[in-house]
Amino acid sequence: MTRLSHYLLPTEREAPADAEAVSHKLMVRAGLVRQVGAGLWTWLPAGWRVHQKIVAIIREEMDAIGGQELLMPLLQPADAWRRTGRYGVDELFKLRDRKEAEMVLAMTHEEAVTTHAAGMIRSYRDLPQTVYQFQVKERDEARPRAGVLRTREFVMKDSYSFDRDAQGLDLSYDRHAEAYAKIFDRCGIVWYRALADVGLMYGRESGEYMAPCAAGENDVVIGPNGYVANLEVASADAVRVELPPALPEPEAVSTPDTDTIESLAAFLTLPAAALTKAFPVVKQLADGSEELVLILLRGDHRVNDVKLRRFFGSPFRQATAAEIADRIGPPGYLGPVGMRDPGVRVVLDAAIVAAPGGYVAGANRADTHLRGVQAGRDFTYELADLREVTAADTIGGEPIRIEPAIEVGNIFKLDDYYSAKLGANYLDANGVSRPVFMGSYGIGPARVAAAAVEQFADTAGISWPRAIAPFDVHLVSLGKPGSPERELADDLYERLAGLRLDVIYDDRDAGAGEKFADAELLGCPLRVTVSRRGLAAGELEVQRRRGAEMTTVPIDGAAEAVAALWRTLP
RNA sequence: CGGGGAGUGGCGCAGUCUGGUAGCGCACCCGGCUGGGGGCCGGGCGGUCGCAGGUUCAAAUCCUGUCUCCCCGACCA
């Protein structure tokens, strides 16, 4: 019998002073987690029950698509990480053993699993395979934050698929996508699958599973017809803008002390969208060479770094003041026409040419801008979608939303990136050696829990989806030990447990208010109250946590009635 | 990594400017009352004031160094 009088559930009336996120405050207050250090958390018994319920759901769905559970070590030799090029990653914890051998604490397990694949998979007959584990990951985060949302150590479900070729990988990837949809639906959270950046090191395709919530660190763009994309990669139609007519040729305008878009717009009494913003960057190529590029955007738009990096296919940095002065013009008055070095490459954001008319651009001379500038006629350019979507944009004429969200899972097509580097090859039916095609798929159970807290909390506390609540029923007994209502509660506990419900039984010698407040804080889907009052009336009070609706059930057959009600809950 | 803030009993805080016996609320322990929204009365326990060094007759308080934690941003294979 799980009695609250003997259960380690240290609830707090007040949240930690330094907590900001709702999930951080409530998970601490409800006695689910306690902090050990920055980004390092202990899961207390009730919190661990939530975590393990999420794990159980994931395990069932991974098994359902043929996943095979295994366990790989957290502590690993550095060698494989050097070979995949990931040893230099800042977030990777590095250490030495007593023999001074270089070791790492794994942040994921591609190196280990691919090394195993290289040793165990020989023939096309050995493929496909999918393995998975629940294992701790270690990341030396620059800034852990928001309770268990962003930590340095956390359990991840990571799975890895091995296929003969890209088509096989596509199937494994799709099967994971189906499993993930079931997992997040079963966990009862609101989620989106978003288009995502694959990063520089990765292959073809990836998806991010995003749970919208206020504490989210990512922004997702949600449009019509199921369009959902991470803001990093999202595209949309910019707000239309009325432009001044194009002039036969650019015309210089004196614009003293207008080196910001705001001041220039005010000076010319034009909307910011009728101006152009010049953003000089330096593309950094793998061979160490660099190239100065001028990015041109509408005045009301911002550069999206991820899009620009993808466009270049390489990292970039902002140009230095010296580089700008030498080859373009004075800061605040940059533009594509009349650059000191006319050979500087100009890349135009697609939103600029979407509207006809003449733009204003810097003249590359102090205190001077040009009016009536037309791309193509006045300068040569390349076109690319490089701007960050704004909430005012539309898609197909429909409005969009931008919501903060937390990434609870992701799926990647790695192709042969790791297998090629670590020699994971097999012989095909013709005896030809080929690299294994891999996929990598993660879910963070802690983030699923935190997202559920964020999404459903109210002023009284947490409101768990029933599938991942620490307990199904919070049984509250009022009255003194030894009283008839206590005896009834004891009996009810056994009956509910007999119906395979998980019950937490508040048998403490405490006031009703305290017990109710703790029950609402902990957030189990049903609260059942046994009291003298109810006993006299022959009924029990049942409160649904979500919405706080009260009902009563007759004492006779109460357990069955509670179980039936529980099955109807979200 | 840049900026800002904070370390005083389990939690939340005051005291630091202006050096002089370490306090408050909650929690906790004991006794009693109460028993449907964190109730009441009485009596208690608990703190090397993050750490180290210095100044001083005397340091939570002043000085130096250091560690840790939080928030915003950058970053986030």
Side-chain angles (χ1 to χ4, degrees), chain A residues 8 10-21 24-25 28-29 31 34-41 81 84-93 104 106-111 137-147 149-152 154 156 158 196-203 206 208 215-218 230 232 305-306 309 315 317-318 406-407 410 412 414 417-418 421 440 442 444 459-461 476-483 485-486 506 508-521 527-537 540-541 543 548 550 552:
Chain A
L8 186 62
T11 57
E12 297 287 346
R13 191 179 299 212
E14 295 181 79
D18 46 29
E20 200 62 36
H24 183 186
K25 291 178 182 171
V28 172
R29 283 191 57 210
R34 278 287 168 99
Q35 185 170 22
V36 173
L40 300 169
W41 291 82
W81 291 77
T84 59
R86 295 213 295 177
Y87 190 70
V89 172
D90 288 337
E91 281 71 27
L92 184 66
F93 275 108
V104 304
M107 42 198 277
T108 61
H109 282 74
E110 278 85 1
E111 280 76 5
K137 306 296 179 224
E138 303 285 342
R139 297 186 185 181
D140 193 358
E141 290 285 353
R143 180 150 111 78
R145 65 172 149 202
L149 276 183
R150 186 169 199 78
T151 56
R152 293 195 288 181
F154 58 96
M156 178 187 265
D158 46 326
D197 180 33
V198 293
L200 277 183
M201 290 174 72
Y202 289 111
S206 71
E208 287 176 339
E217 299 183 294
N218 300 95
N230 191 311
E232 292 176 345
D305 290 357
V306 172
R309 196 180 67 197
R317 61 171 172 82
Q318 291 201 7
I406 173 157
E407 183 182 357
N410 56 45
F412 281 105
L414 301 175
Y417 182 88
Y418 289 94
K421 288 184 162 54
S440 160
T459 53
V476 173
S477 169
L478 303 180
K480 287 192 254 270
S483 62
E485 51 268 34
R486 285 296 175 103
D506 193 347
R508 296 174 301 172
D509 186 16
E514 199 171 337
K515 292 185 176 189
F516 293 155
D518 275 350
E520 280 149 16
L521 182 57
R527 185 184 83 204
V528 176
T529 307
V530 183
S531 69
R532 190 165 57 188
R533 214 164 70 184
L535 202 58
L540 304 175
E541 179 189 277
Q543 186 201 53
M550 300 275 199
T552 55

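Numbers restart at 1 for each chain; the letters A, B, ... are given by sequence-line order, proteins then strands. Heavy-atom basis, side chains included; hydrogens, waters and symmetry copies ignored.
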* Contacts of A:Asp90 that satisfy side-chain contact (heavy atoms from CB on, under 4.5 Å) - sequence neighbours left out -> none
* Proximal nucleotide (of B:A77, B:C75, B:A74) relative to the A:Arg145 side chain -> B:C75
* Asked: Would A:Phe516 and A:Asp506 satisfy side-chain contact (heavy atoms from CB on, under 4.5 Å), going step by step from the backbone distance to the final call?
  -> CA-CA 10 Å; A:Phe516 293 155; A:Asp506 193 347; over 6 Å; no
* Using the C1' atoms only, state how far B:G44 lies from B:U48, rounded to an integer number of Å. => 23 Å
* To do: Please measure how far the C1' atom in B:U55 lies from the corresponding atom in B:G10, and state the result in whole Å.
  => 35 Å
* **Counterpart base for B:U56, defined by Watson-Crick or G-U wobble contacts under 3.5 Å** => none
* **Nucleotide paired to B:G42 in any strand shown, Watson-Crick or G-U, under 3.5 Å** => B:C30
* **Partners meeting salt bridge (charged side-chain N to carboxylate O under 4.0 Å, His left out) with A:Lys137 (sequence neighbours left out)** => A:Asp158
* Structure fact -> Heavy-atom nearest nucleotide on RNA chain B taken for A:Glu141 and for A:Pro144; more 5' hit belongs to A:Pro144
* Paired with B:G9 by Watson-Crick or G-U wobble geometry, both distances under 3.5 Å: which nucleotide is it? -> none
* Asked: Does B:G73 have a Watson-Crick or wobble partner in any strand here, with both distances under 3.5 angstrom, and which is it?
  -> B:C1
* Who pairs with A:Glu520 by salt bridge (charged side-chain N to carboxylate O under 4.0 Å, His left out), at least two apart in sequence or on another chain? -> A:Arg527
* **Sequence-distant partners of A:His109, ring-ring contact (aromatic ring centres under 6.0 Å, His included), two or more places apart** => none
* Quote, to the nearest angstrom, the P distance that separates B:A6 from B:C13. => 12 Å
* To do: Could you give me the CA-CA distance, side-chain angles and deciding distance for A:Glu110 and A:Ser440, then say whether side-chain contact (heavy atoms from CB on, under 4.5 Å) is met?
  => CA-CA 8 Å; A:Glu110 278 85 1; A:Ser440 160; 2.9 Å; yes
* Using the C1' atoms only, state how far B:C49 lies from B:A60, rounded to an integer number of Å. => 5 Å
Under 3.5 Å, which protein N or O atoms sit close to an N or O of nucleotides 66-69 of chain B? Give each pair with its distance.
residue	atom	partner	partner atom	Å
B:C69	OP1	A:Ala38	N	2.9
B:C69	O3'	A:Gln35	NE2	3.4

* To do: Quote, to the nearest angstrom, the P distance that separates B:G25 from B:C70.
  => 30 Å
* A:Arg34 CZ to B:G10 C1', straight-line distance once rounded to whole Å -> 8 Å
* Using the test side chain to side chain donor-acceptor pair (under 3.5 Å), find all partners of A:Arg145 that sit at least two apart in sequence or belong to another chain. => A:Glu217
* To do: For A:Arg139, enumerate each residue passing the salt bridge (charged side-chain N to carboxylate O under 4.0 Å, His left out) test, keeping only those at least two apart in sequence or located in another chain.
  => none
* Spacing between A:Arg143 atom CZ and B:G2 atom C1', to the nearest angstrom -> 12 Å
* To the nearest angstrom, how far is A:Leu8 atom CG from B:G10 atom P? -> 16 Å
* Asked: Hey, what do you get for CG (A:Leu149) to CD (A:Glu20), rounding to the nearest 0.5 Å?
  -> 12.5 Å
* Asked: Rounding to the closest angstrom, what is the interatomic distance between B:A58 and B:U21 at atom C1'?
  -> 12 Å
* **Sugar-phosphate or base contact per nucleotide [nucleotides 35-44 of chain B; S, B, -; heavy atom under 4.0 Å]** => BBBB------
* To do: Measure the distance from CE on A:Met107 to P on B:A77 and round it to the nearest whole Å.
  => 7 Å
* Asked: If the C1' atom of B:G15 is compared with that of B:G47, how far apart are they to the nearest Å?
  -> 14 Å
* **Separation of B:C71 C1' from A:His24 NE2 (nearest whole Å)** => 12 Å
* Measure the distance from CG on A:Asn410 to P on B:A77 and round it to the nearest whole Å. => 10 Å
* Structure fact -> Minimal heavy-atom distance between A:Ala196 and A:Asn230, with the atoms involved, is CA-CB, 4.5 Å
* Structure fact -> Taken in chain and number order and not counting sequence neighbours, the residues that satisfy salt bridge (charged side-chain N to carboxylate O under 4.0 Å, His left out) with A:Glu111 are A:Arg86
* Give A:Pro16 one of three labels, base, sugar-phosphate or nothing, depending on what nucleic acid heavy atoms sit under 4.0 Å from its own. => sugar-phosphate
* Sticking with atom C1', work out how far B:C40 lies from B:U34, rounded to a whole angstrom. => 7 Å
* Asked: Separation of A:Glu20 atom CD from B:G5 atom C1', in whole Å?
  -> 12 Å
* Under a 3.5 Å cut-off for both distances, is B:U66 Watson-Crick or wobble paired, and to whom? -> B:G50
